[in-house]
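Let me begin by presenting the structure, written as structure tokens, before commenting on it.
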Amino acid sequence: MNAAPFSARLLTNAPLPKWHKATPEVRQVARAAAEYCQSHGSDIAKLAVQYSIANKEMTTCIVGSANPKNVELWQVGGRADRSAMLDGVLKILKPIHNWFYIEGDRRTMTRPFMPSN
């Protein structure tokens, strides 16, 4: 089950709250990916949902928003094909691929994990 296709708002057009644990680099890269989608007439959140439901190992994808109209905008039919836009977004996100933090773990609260390449 995937319950975080938007990666805690990083893969949306919504502004991140100050308390968000993303590092400045992660915030900047995610914003660049969102702007890339906007420049191509799309919404990164919708692309994130498509990408999530295309993963055959995930049988369930849960999305939510404080604004029900967003959920309507993100609706997708069927599975997404690999697209040039998706490839562009994955290229932009590559520097932060697999970045994460563990909620409540004091060891990572100020130093989020960033894998070395």
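Using a 4.5 Å heavy-atom cutoff, the side chains of N13 and I44 are in contact. Looking at L47 and V89, their side chains come closer than 4.5 Å, going by heavy atoms from C-beta outward. Using a 4.5 Å heavy-atom threshold, the side chains of V29 and W99 count as separate. Taking 4.5 Å as the limit, every side-chain heavy atom of S52 sits out of range of all side-chain heavy atoms of M58.
Between the T23 side chain and the V26 main chain, a donor and an acceptor come within less than 3.5 Å of each other. Remark: side-chain polar atoms of S65 are not paired, donor with acceptor, to backbone N or O of P68 under 3.5 angstrom.
Of all the heavy atoms in R9 and P17, the pair that sits closest is NH1-CD, 3.3 Å. Nearest heavy-atom pair across G64 and F6 is O-CE1, 4.0 Å. For the pair L10 and A22, the tightest heavy-atom approach, listed with the atom from each and the gap, is CD2-CB, 3.9 Å.
Sorted by first and then second residue, the ring-ring contact (aromatic ring centres under 6.0 Å, His included) pairs involving residues 20-41 (not counting sequence neighbours) are Y36-H40.
Residue I96 holds its CD1 atom at 7.5 Å from OG of S7, rounded to the nearest 0.5 Å. A distance of 10.0 Å separates CD1 in I92 from CD in Q28, rounded to the nearest 0.5 Å. To the nearest 0.5 angstrom, D43 atom CG is 8.0 Å from T12 atom OG1.
Cluster note: M1 groups with I62 through ILVMFWY side-chain heavy atoms spaced under 4.5 Å, whether in direct contact or through intervening members.
Every side chain to side chain contact (heavy atoms under 4.5 Å, CB included) that E35 has, sequence neighbours left out, goes to R31, Q38.
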